[in-house]
There are 2 protein chains.
Amino acid sequence: MDQPTPKKPSRIQQKNRKRILEAALDVFSQHGYRGATLDQIAEAAGLSKPNILYYFSGKEEIHVTLLNRLMETWLDPLDEMDPNGDPLQEMLGYVRRKLQMSREFPRESRLFANEILQGAPRMAPHLESGLKPLFDRKCALVREWMDQGRLAPVDPGHLIVSIWATTQHYADFDAQLGVLMPPGAPGAETFLETLYTRLLTPGR
Amino acid sequence: MDQPTPKKPSRIQQKNRKRILEAALDVFSQHGYRGATLDQIAEAAGLSKPNILYYFSGKEEIHVTLLNRLMETWLDPLDEMDPNGDPLQEMLGYVRRKLQMSREFPRESRLFANEILQGAPRMAPHLESGLKPLFDRKCALVREWMDQGRLAPVDPGHLIVSIWATTQHYADFDAQLGVLMPPGAPGAETFLETLYTRLLTPGR
DNA sequence: TCGTGACTTTACCATTTGGTAAAAAAGCGG
DNA sequence: CCGCTTTTTTACCAAATGGTAAAGTCACGA
């Protein structure tokens, strides 16, 4: 009932595709799309270049596959925000999850940042169809909370964007932060919790 | 008294170097270092490739020149923070100047972001020698203000980093924001002013 | 106006890069 | 162990790319 045309992928195929994607994530996140080469990916994956092209039709398909996989998990923290929870705690929980995700998947974060920096040439559709609706929904939720007086009023859109900005920064600008602060940037959680608590706590 | 070894650059030399750097800023900021090609830069500058290599010894020298010029102006807003001014107003003024700079020089912002994302291979020395000392100095100033009770206490380092993150985001992630919000993201100034006012206003 | 040095162009190169063809080698069900 | 499919390797290729050599062309002071 579920393999009409695409045959089931063999074990070895699954394994090698995974290895390639893993290697490609390393390379793309470090050098960007154009800066990455198939040879680099091949070496990192421990496979020959033509062998990689046996599993993927080209460089772009690898990249697109990575972006697709990324979008699946990238939006989870935002999606998990619960309309029935305590507003402030929900917001802080989101900040915490997003920061943790940046820390846990810095390569994914950089892959994303690289793509956006370059004008999102291979991801514009995803933004429109995947991110936009969720973003709008959560903006509405936040606005509702504010209207009810359960969060201090600010522009919901800018609020969410600022959360992305601050949390992603720790992954994407690691090279800069490493020069300025003790590695790992301890205290980021505390700082961001303070920041958003003071911003969002209602009633002067 | 000021041309010991390097002869004075002729008018035409000045003009063409400027054109090349202008074109290179376009190209590098859009495609990153490895994604940019000399041919692209040449075309954007309206010069032939070998002609460009008459003015610069190679691709890397153009890039490094841009980064050097960038650092000169990039730190100005932070430098302008006045120890004798009103703490909160100084901080808000810094946020405003930084945001304005991101808006006015988005290419420079992206050039910088690209370089950092890639691990700052051509800029690490600048960070250490140019940015670090200024950063430390301003952290000390902010901490002083907090100790005097003139700003609400938070980690000064994370505070400054968060200002970079939020303000740069508007330039660097333009492609993403364009999908989510009305173009130009009006209201960013207002939002950031609210954010940092609530964070930093002393006394509960 | 003429020579000389500053600037440009034309014609190339060697390497790298994404990608292909086809032969060789594994796997694997029977 | 056989035959067929899946996987991997070897040997290439055309285009792109950073860069060079050397022959012009231009500008301008004497």
Side-chain angles (χ1 to χ4, degrees), chain A residues 3 5-67 111 114-115 118 121-122, chain B residues 3 5-67 111 114-115 118 121-122:
Chain A
Q3 65 270 50
T5 299
K7 322 278 165 64
K8 59 219 158 181
S10 73
R11 233 150 306 129
I12 188 168
Q13 200 152 136
Q14 264 182 288
K15 187 195 61 171
N16 277 350
R17 280 183 67 100
K18 192 183 284 183
R19 275 172 61 181
I20 292 169
L21 288 174
E22 175 66 19
L25 179 56
D26 264 356
V27 177
F28 279 130
S29 68
Q30 202 165 104
H31 303 289
Y33 180 73
R34 295 204 51 185
T37 73
L38 284 179
D39 297 87
Q40 280 176 296
I41 296 173
E43 198 195 331
L47 298 171
S48 67
K49 182 167 59 175
N51 202 1
I52 279 185
L53 291 167
Y54 172 76
Y55 289 102
F56 292 90
S57 70
K59 183 183 178 181
E60 181 154 352
E61 201 205 316
I62 302 177
H63 194 246
V64 168
T65 303
L66 281 175
L67 290 178
L111 182 75
N114 254 310
E115 176 69 8
Q118 247 97 113
R122 276 166 284 278
Chain B
Q3 65 271 51
T5 299
K7 321 279 165 64
K8 58 219 160 182
S10 76
R11 234 147 308 127
I12 189 168
Q13 199 151 139
Q14 263 183 291
K15 187 195 59 165
N16 278 348
R17 280 183 68 101
K18 193 184 283 184
R19 276 172 62 182
I20 292 170
L21 289 174
E22 176 65 19
L25 179 56
D26 264 356
V27 178
F28 279 131
S29 68
Q30 204 165 102
H31 303 290
Y33 179 74
R34 294 205 51 187
T37 72
L38 283 180
D39 297 85
Q40 280 176 296
I41 296 173
E43 197 195 330
L47 297 172
S48 68
K49 183 166 60 175
N51 202 359
I52 280 185
L53 292 168
Y54 172 75
Y55 290 102
F56 291 90
S57 71
K59 185 182 178 180
E60 181 153 354
E61 201 205 316
I62 301 177
H63 195 246
V64 168
T65 303
L66 282 175
L67 290 177
L111 182 75
N114 254 310
E115 175 70 7
Q118 248 97 115
R122 275 166 284 278

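No hydrogens, no waters, no symmetry mates; every other heavy atom, side chains included, goes into these values.
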- What one-letter contact string describes nucleotides 12-20 of chain C from 5' to 3', where B marks a base within less than 4.0 Å of any protein heavy atom, S marks contact via sugar-phosphate atoms alone, and - marks no contact? -----SBBB
- Task: Can you measure from NE2 (H63(A)) to CG (L21(A)) and round to the nearest 0.5 angstrom?
- Result: 11.5 Å
- Message: Closest approach to the side chain of Y55(A), judged atom by atom: which nucleotide of dT9(D), dT7(D), dT8(C) is it?
- Response: dT7(D)
- Task: Name every residue in residues 19-27 of chain B that has at least one heavy atom under 4.0 Å from any atom of DNA chain C, in order of residue number, or write none if there are no such residues.
- Result: none
- Message: Taking side chain to side chain contact (heavy atoms under 4.5 Å, CB included) as the definition, give me every residue that meets it alongside S48(B), ordered by chain and number, with sequence neighbours left out.
- Response: P50(B), N51(B)
- Query: Roughly how far apart are L66(A) CG and I20(A) CD1, rounded to 0.5 Å?
  - Reply: 11.0 Å
- Query: Does a nitrogen or oxygen in the side chain of N51(A) sit under 4.0 Å from OP1 or OP2 of dT7(D)?
  - Reply: no
- Note on the structure: The residue, I12(B) or R11(A), whose nearest nucleotide of DNA chain D is more 5′ is R11(A)
- Message: Checking Y33(B) now: which residues fulfil side-chain hydrogen bond (donor to acceptor under 3.5 Å, both in side chains) with it, not counting sequence neighbours?
- Response: none
- Task: Under 4.0 Å between any heavy atoms, over every strand shown, what does L47(B) touch: base, sugar-phosphate, or nothing? Just pick one.
- Result: nothing
- salt bridge (charged side-chain N to carboxylate O under 4.0 Å, His left out): pairs with one or both residues in residues 10-34 of chain A, sequence neighbours excluded: E22(A)-R107(A), D26(A)-R107(A)
- Task: Starting from P on dG19(D), measure out to CD1 on I41(B) and report it in whole angstrom.
- Result: 10 Å
- Item | Side-chain N,O (Q13(B)) to OP1/OP2 (dA6(C)) below 4.0 Å | no
- Indicate yes or no: at least one non-hydrogen side-chain atom of N16(A) is less than 4.5 angstrom from one of Y54(A). no
- Message: Nearest whole Å is fine: how far is dC7(C) P from K15(B) NZ?
- Response: 11 Å
Let me check something: any side-chain donor-acceptor pairs from residues 38-46 of chain A under 3.5 Å, sequence neighbours excluded? List them with distances.
from	atom 1	to	atom 2	distance (Å)
Q40(A)	OE1	T37(A)	N	3.0
Q40(A)	OE1	T37(A)	OG1	3.3
Q40(A)	NE2	H31(A)	NE2	3.3

- Task: Compare side-chain N and O positions of N16(B) against OP1 and OP2 of dT8(C) and report whether any pair is under 4.0 Å apart.
- Result: yes
- Message: Looking at dT8(C), I'd like to know if its phosphate oxygens (OP1 or OP2) sit under 4.0 Å from a side-chain N or O belonging to Y54(B).
- Response: no
- Query: Does some side-chain heavy atom of K59(B) sit less than 4.5 Å from a side-chain heavy atom of F28(B)?
  - Reply: yes
- Say you draw a straight line from CD of Q30(B) to CG of L111(B); how long is it, rounded to the nearest 0.5 Å? 12.5 Å
- Task: Answer yes or no: does a side-chain N or O of S48(A) lie under 4.0 Å from OP1 or OP2 of dT9(D)?
- Result: yes
